[in-house]
Amino acid sequence: MARYNFKEAEARWQKLWAERGTFRVAADQARPKYYVLEMFPYPSGKLHVGHVRNYTMGDMVARYKRAQGFNVLHPMGWDAFGLPAENAAMASKIHPAEWTYANIATMREQLQRMGLSYDWSREIATCHPQYYRHEQKMFLDFLKAGLAYRRESWVNWDPVENTVLANEQVIDGRGWRSGALVEKRLLSQWFLRITHYAEDLLGSLPTLERWPERVRVMQENWIGRSEGARVFFGLAGRNDRLEIFTTRPDTLFGASFCALSPNHPLAAELAQGNPALADFIAECNRMGTSEAVLETAEKKGFDTGVNVLHPLMKDWSLPLYVANFVLMEYGTGAIFGCPAHDQRDLDFARKYHLKVRPVVLPPGADPHSFTVADQAYTEDGTIINSDFLDRLSVAEAKRAVVARLEALGAGQGTVAWRLRDWGVSRQRYWGCPIPVIHCALCGIVPVPEKDLPVELPLDVSFEKPGNPLDHHPTWKHATCPQCGGAALRETDTFDTFFESSWYFDRFCSPRSEKPFERADVDYWMPVDQYIGGIEHAVLHLLYSRFFSRALRDCGYLDVKEPFAGLFTQGMVCHETYQDANGQWLFPEEIHHDAEGRALDAQNRPVSVGRNEKMSKSKKNVVGLEAIVEGYGADTARLYLLSDSPPERDLEWTDAGIEGAWRYVNRLHRLVTEPPVALAPQGALPGELSPAAEKTRRAIHRTVAAVTDHIERFRFNSAVARIRELTNALEGLSDGLGAGAVMREGIEVAVRLIGPMMPHLAEELWQALGHERFLADEPWPAYDPALIVEDRVTVAVQVNGRLRATVELPRDADEATAEQAALALPEVQRAMEGKPMRKLIYVPHRIINVVV
RNA sequence: GCCCCUGUGGCGGAAUGGUAGACGCGGCAGACUCAAAAUCUGUUGCUCGCAAGGGCGUGGGGGUUCAAGUCCCUCCAGGGGCACCA
């Protein structure tokens, strides 16, 4: 028996697809388009099987849609700017560009060996000046449109590395690499005004019908719309006033204090004459902003000695604190505290011995005896102790108090957002330079468009900590485009999420001198099916939605929502292994003894940890090369698609890949050595034996079921249906019409498996005598008449318990069904001689005899 | 604390409110083989029974229904997201 030579076959078909340009596409108004995109990878080194699951799913969809007649755009590229390249430069003295391009070459080769149907002529790398020059232009347009601006902001500053860290890069208050205590620092940073679109980004979420619900919910929470009020408190002894934000204006009569953020301008002003306050503020700023720090930090306040005046009650004044838990970035950076109805305010009030005055009475509680001890009451109720609000509900009181505040000029109803503008400045080298020049005379001057791109210099040194662009001897020295005097370039670069916010547009016309050709984007966008990890539920997916809106407002395109359909796939996991010293071991360093215990190379016992996402640090990765060498790309693809539902995590096991490998060979054998001699191509099935007839129906049912499963992203179920079909074909023996049915069944199986195992499918398609590539064949159709059975097996229940089954004509009426059911001995026995009270008959499904 | 998801054989998982466990992995028995691997055939939820045939079964408890893995309430467990957001 000739085994399937996957190595030879996979290489050959990959070459043929490439030579014929099978997957090269161009916009074609006459044909319906379909844009399939997988989130492009960061070129970190090598691919492991976890990466490939994502691409296999995309390829599945792309090839399926192609067979359905769509003009399919399926591109691939590289999210090529980023910090790991700089770390490699520092560790191995290799230039980030060299490191990045070498990784791209390796990973492209790996992807090509998977037989993915990409249009490689559209490949892009975001670190290339031909790519990033366009986003420099976009940035200048954003500046003009007021969508980009520069302001001072508080950031996480690593004093050893001399750079800003993202919140994610601060672990337990320390820099993730340096281990230094992170400080808060006020720095001038560039921001993109994503908050300008907050309302629309939130309001459009319901239109994203083909997005997972939970991603929409996460974005909704992230944008965080809160209705409330701004309220103005007078400042005793001063002419100005304090503006606070609250969602509970109904509890204004329960106020005990007001509190400022340590970063509030008024706090800074008061600190000037108050060294103790200045010390307190400095202490607050030394604290990191990471979650872990916040969790353990004690709520602290500092009484400024200033009193604020209640806006609704004459002669009622409250103490003004500076408190470490009040955020400058949310609302107005100042709050009023109502301890009875807010837990945090209550804790604060107890600590500083402030009044706790209930103003919301829980339903059924006694107004004379109700008090708040250590649990704030935050539910609905009836307003008390609140002057004109008494006896109103919370909702009514909110409306009434806002109306009164507005009438008095002491406040107004407003909406607060959790969403903050996107800080895009990074003190890094390997990123897109921000195209502005700082002139001592003219201030900030945009680089003129004719001078774009501002290219990254390649001759940089990583010897000194901090940003190499800053240390470069010449690069940052420029002439001011306005006055012609000496000036300095901006040495910060963009956050790398900038690049990934529009790459899907660039794929539409990747070689254009413009960011993209309008006609191409109009044709291809939006992405019909986007596939990627849930980890981007907010970041990348929200930034891209923002970018599309910003580009639209700057006249670049018309698309508002870039991704019409989104699928978030599960991760690939593997067991973890640690030796006695706690060192992680690679799966290939492990073997098992007769009792199934895991041992290392020296036969020492190894502790087996839980299944986790494949990651380099825990070494629980399965390299792609070994799998493709040992089993072939198709086997890996089949396993990745068949073992778990796509949205769920998949556990990689040796037994699993072995099982897929067995099926590859089994299918190859079925086609090359069928149990029944195949009828010639195109022979119509004539008269059929009952077995052949039954098989033929199964073939058509399989086409219907597999098509439906693929449409619904049920790839594991689609594979199961195909296996069922080939099982049936293996069992078909010679008989009237068997050869014709065998050919039909085998050809259908090969065509259905095409998007999953494209090399094997092409190979078998050719072996079946076809000249055309399977990749160019349409998706199989089924005969609706053949998927309906003449006779159906119906379950028969007595009192809801299954007792027997009975075969009935498809359209049997209730009387026939009743007669057949009652004739069954199992039914008679179960009825125990009692008379039938009722009969439920659901045609094709069930008969339930109720006694 | 709030929100979301998940819970089905030894394992991954199927199942428009209508025959629970498709398909696969693993196990067991057999065929082939000098032997093994590979391959093939049969079998495989638990349980009582020689058998025929029963009983029990989708995390626990309750409910709706002729009928519940599926719908409702409640509890438990695991996973994820959000959180000094006023």
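So you know, we letter chains A, B, ... as the sequences are listed, proteins then strands, and number each from 1.
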Separation of [N] [atom2] from [X] [atom1] (nearest whole Å):
X: A:Ile722; N: B:G24; atom1: CD1; atom2: C1'; result: 14 Å
X: A:Arg701; N: B:C23; atom1: CZ; atom2: P; result: 13 Å
X: A:Trp652; N: B:G12; atom1: CH2; atom2: P; result: 18 Å
X: A:Ile223; N: B:C85; atom1: CD1; atom2: C1'; result: 15 Å
X: A:Gln569; N: B:G80; atom1: CD; atom2: P; result: 17 Å
X: A:His341; N: B:G1; atom1: NE2; atom2: P; result: 22 Å
X: A:Arg214; N: B:C3; atom1: CZ; atom2: P; result: 18 Å
X: A:Arg803; N: B:G53; atom1: CZ; atom2: P; result: 13 Å

### Query
How is A:Arg216 classified with respect to the nucleic acid when contacts are heavy atoms under 4.0 Å: base, sugar-phosphate, or nothing?
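Nothing: the residue A:Arg216, judged by heavy atoms under 4.0 Å, touches no strand.
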Which nucleotide in the set [options] lies at the smallest distance from any side-chain heavy atom of [X]?
X: A:Arg662; options: B:G7, B:C25, B:C23; answer: B:C25
X: A:Val217; options: B:U19, B:C23, B:C3; answer: B:C3
X: A:Arg648; options: B:G13, B:C85, B:G81; answer: B:G13
X: A:Leu802; options: B:G13, B:U19, B:C40; answer: B:U19
X: A:Arg723; options: B:G24, B:G13, B:U19; answer: B:G24
X: A:Leu327; options: B:A14, B:A83, B:A86; answer: B:A86
X: A:Arg721; options: B:G12, B:A22, B:U19; answer: B:A22
X: A:Ala655; options: B:G80, B:G26, B:A83; answer: B:G26
X: A:Ser226; options: B:A86, B:C3, B:G80; answer: B:A86
X: A:Arg418; options: B:A83, B:U19, B:G54; answer: B:A83

Take atom [atom1] in [N] and the same atom in [M], then report the distance between them in whole Å.
N: B:G59; M: B:A14; atom1: P; value: 14 Å
N: B:G69; M: B:G57; atom1: P; value: 10 Å
N: B:C5; M: B:C72; atom1: P; value: 11 Å
N: B:G12; M: B:A31; atom1: C1'; value: 29 Å
N: B:A15; M: B:U8; atom1: C1'; value: 10 Å
N: B:C25; M: B:A38; atom1: P; value: 12 Å
N: B:C46; M: B:G9; atom1: P; value: 12 Å
N: B:U70; M: B:U58; atom1: P; value: 9 Å

Hey, would you say the [X] and [Y] ring centroids sit under 6.0 Å apart?
X: A:His310; Y: A:Phe336; answer: no
X: A:Tyr330; Y: A:Trp417; answer: no
X: A:Tyr4; Y: A:Trp661; answer: no
X: A:Phe257; Y: A:Tyr352; answer: no

[N] - base-pair partner by Watson-Crick or wobble geometry, distances under 3.5 Å:
N: B:G49; value: none
N: B:A31; value: B:U39
N: B:G21; value: none
N: B:A83; value: none
N: B:A77; value: B:U6

### Query
Nearest nucleotide by nearest heavy atom, which residue falls closer to the 5' end of RNA chain B, A:Arg712 or A:Val326?
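Nearest nucleotide further toward 5': that of A:Arg712.
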### Query
Quick one: on RNA chain B, does A:Ser717 or A:Glu329 contact a more 5' nucleotide (nearest heavy atom)?
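Whichever sits nearer the 5' end wins; that is A:Ser717.
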### Trace of the ring pair (Phe, Tyr, Trp, His ring centres under 6.0 Å) decision for A:Phe325 with A:Phe348
CA-CA 10 Å; A:Phe325 61 86; A:Phe348 192 83; 5.6 Å; yes
### Task
Using a 90° cut-off around 0 for syn, call B:G9 syn or anti.
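B:G9: syn.
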### Summary
Quick tally for nucleotides 62-70 of chain B: nucleotides whose base has a protein heavy atom under 4.0 Å get B, sugar-phosphate-only ones S, the rest -, giving ----BS---
### Message
How about CZ on A:Arg791, more than 12 heavy atoms from neighbouring residues, nucleotides or ligands closer than 6.0 Å, or not?
### Response
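Above 12, so yes.
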### Query
Is a side-chain N or O of A:Glu227 found less than 3.5 angstrom from the main chain of A:Val415, in a donor-acceptor match?
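It does not hold such a pair.
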### Query
Judged by atom type as modelled, is there a donor-acceptor pair below 3.5 Å linking the side chain of A:Glu647 to the main-chain atoms of A:Thr568?
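No, the answer is negative, given that no donor and acceptor are paired below the 3.5 Å cut-off.
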#### Entry: Trace of the side chain to side chain contact (heavy atoms under 4.5 Å, CB included) decision for A:Val402 with A:Gln412
CA-CA 6 Å; A:Val402 166; A:Gln412 70 210 42; 6.0 Å; no
### Message
Is the ring pair A:Phe715/A:Phe713 parallel, tilted or perpendicular, if the boundaries are 30 and 60 degrees?
### Response
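It falls in the tilted class, 30° to 60°.
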